[in-house]
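Naming convention: chains lettered A, B, ... in sequence-line order (proteins, then strands); numbering from 1 in each chain.
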Number of protein chains: 2
Amino acid sequence: MNHSGDISSKLRRRGYRLTPQRMMILEAVEAADGHISADEIYARVCDRYPHLNISTVYRTFELLKELGLVTETDMGDGRVRYHSIRKGHHHHLVCQNCGCIIDLDEAVLLPLKDALFRDYGFDADLKHLAIFGRCSKCR
Amino acid sequence: MNHSGDISSKLRRRGYRLTPQRMMILEAVEAADGHISADEIYARVCDRYPHLNISTVYRTFELLKELGLVTETDMGDGRVRYHSIRKGHHHHLVCQNCGCIIDLDEAVLLPLKDALFRDYGFDADLKHLAIFGRCSKCR
DNA sequence: GGTTTTATTGAAACTAATTGCAGTTACAAT
DNA sequence: ATTGTAACTGCAATTAGTTTCAATAAAACC
């Protein structure tokens with residue numbers, strides 16, 4: 001269940017370091033079931049390791065994103081949320097009226113991804129996406 | 001060329017008021033060629049009408065968005081940009097490596113919009129969208 | 001025109017996120 | 001084991017955007 005080994009080497013191979021802060025933040029993201037905000041991670045890690053700065057949390061997420069270990073989604077509620085990539089790709093339909101969130105299968109977006117690649121040579125990063133609109137109830 | 005008449009009635013019909021601030025902000029958005037940030041609008045309007053508050057700019061954009069007069073796009077550079085709807089719909093491919101922006105025809109997204117409606121009953125608001133990824137040069 | 005109602009504004013406080021910098025520390029090389 | 005150095009951290013300041021609230025002013029009604 002513990003992946004700190006391969007993450008550690010993944011970091012080191014690129015010249016990054018595995019610090020206690022990073023370990024604890026990564027652990028907390030893996031432990032979280034679902035999408036979690038920087039604030040929430042900060043609060044959870046602070047319980048056990050009080051001397052942590054919120055900016056370190058943001059910078060760690062930046063790094064984890066770069067390494068492809070987490071994805072970032074803006075659900076439109078004013079705070080960005082993060083999600084471990086090991087828990088699978090998925091997307092969201094966010095209703096602008098009632099705020100409900102519908103999980104979306106990746107397959108629906110594949111035709112778009114293909115079209116962008118074919119027509120524009122653009123490799124779209126659709127790992128995590130939120131599409132806004134109106135759900136069936138609110139239409 | 002002047003639309004303040006029909007905008008004025010559009011506002012009043014919904015119980016909103018046409019204030020000098022709103023007129024000047026809307027004028028500035030129409031005059032801008034392309035996407036413009038709240039800051040830039042604020043600076044431009046302030047030249048002629050110095051007693052304007054930045055929060056009024058944000059609130060006005062919120063309102064104009066609601067009325068469907070402008071759209072909002074996050075190009076990923078840390079500030080949201082606005083665009084008059086009268087200058088046409090379009091979308092963007094934003095390269096996460098070199099930062100270049102490719103204009104995208106609306107038609108490419110129609111199949112996705114249709115699929116979301118058909119499969120999920122979700123009416124996606126794809127008026128303005130930025131898709132991130134890697135352009136042909138940076139792949 | 002004058003009065004009233006209530007949407008709107010400006011100012012200031014606040015939140016989420018980012019940045020610059022000086023001091024610290026992981027870890028590779030000795 | 002010690003050292004050198006570049007990566008990293010905490011702190012404080014900054015930025016984009018939002019919210020609160022008292023004062024103001026559109027526009028509807030007389």
Compare side-chain N and O positions of [X] against OP1 and OP2 of [N] and report whether any pair is under 4.0 Å apart.
| X | N | answer |
| --- | --- | --- |
| A:Thr56 | D:dG10 | yes |
| B:Tyr58 | D:dT18 | no |
| A:Ser55 | C:dT18 | no |
| B:Asn53 | C:dA11 | yes |
| B:Gln21 | C:dG10 | yes |

- Message: Using the ring centroid of each side chain, check whether B:His83 and B:His92 are separated by less than 6.0 Å.
- Response: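 Between B:His83 and B:His92, the centre distance exceeds or equals 6.0 Å.
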
Between [atom2] on [N] and [atom1] on [X], what's the gap in Å once rounded to a whole number?
| X | N | atom1 | atom2 | answer |
| --- | --- | --- | --- | --- |
| B:Arg13 | D:dA28 | CZ | P | 13 Å |
| A:Lys65 | C:dA17 | NZ | P | 11 Å |
| B:His51 | D:dA23 | NE2 | C1' | 11 Å |
| B:Ile41 | D:dA16 | CD1 | C1' | 16 Å |
| B:Arg81 | D:dG17 | CZ | P | 10 Å |
| A:Leu64 | D:dC8 | CG | P | 11 Å |
| B:Ile54 | D:dT15 | CD1 | C1' | 12 Å |
| B:Phe61 | C:dT8 | CZ | P | 17 Å |

- Query: Is there a donor and acceptor pair closer than 3.5 Å between the side chain of A:Arg59 and the base of D:dG10?
  - Reply: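 Side chain to base: pair present.
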
- Message: I'd like to check the side-chain hydrogen bond (donor to acceptor under 3.5 Å, both in side chains) partners of A:Glu72; sequence neighbours left out, ordered by chain and number.
- Response: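 Per chain and number, A:Glu72 pairs via side-chain hydrogen bond (donor to acceptor under 3.5 Å, both in side chains) with A:Lys65, A:Tyr82.
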
- Item | Audit row: A:Asp74, A:Arg81, salt bridge (charged side-chain N to carboxylate O under 4.0 Å, His left out) steps and yes/no | CA-CA 6 Å; A:Asp74 181 355; A:Arg81 292 174 172 279; over 6 Å; no

- Message: If you assign B:Arg79 and B:Arg17 each to the DNA chain D nucleotide with the nearest heavy atom, which residue ends up on the more 5' nucleotide?
- Response: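 So the residue in question is B:Arg79.
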
- B:Thr60 (side chain) donor-acceptor with B:Thr56 (main chain) under 3.5 angstrom: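 Flag set: sc B:Thr60 to bb B:Thr56 pair under 3.5 Å.
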
- Query: When you measure from the side chain of B:Lys113 to the backbone N and O of B:Ala124, does any donor-acceptor pair fall under 3.5 Å?
  - Reply: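 A pair under 3.5 Å: yes.
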
- Item | Selection from C:dG10, C:dT8, D:dT9 that lies nearest to any side-chain heavy atom of B:Tyr49 |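 Shortest atom-to-atom distance from the side chain points to C:dG10.
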
- Compare the minimum distances between each of C:dT18, D:dA26, D:dG17 and the side chain of B:Pro20, then state the nucleotide with the smallest one.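 The answer is D:dA26.
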
- Message: Need one value for B:Leu52: base, sugar-phosphate or nothing, where a base atom within 4.0 Å counts as base even if backbone is also close, heavy atoms only.
- Response: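 Sugar-phosphate: the residue B:Leu52, judged by heavy atoms under 4.0 Å, touches backbone atoms but no base.
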
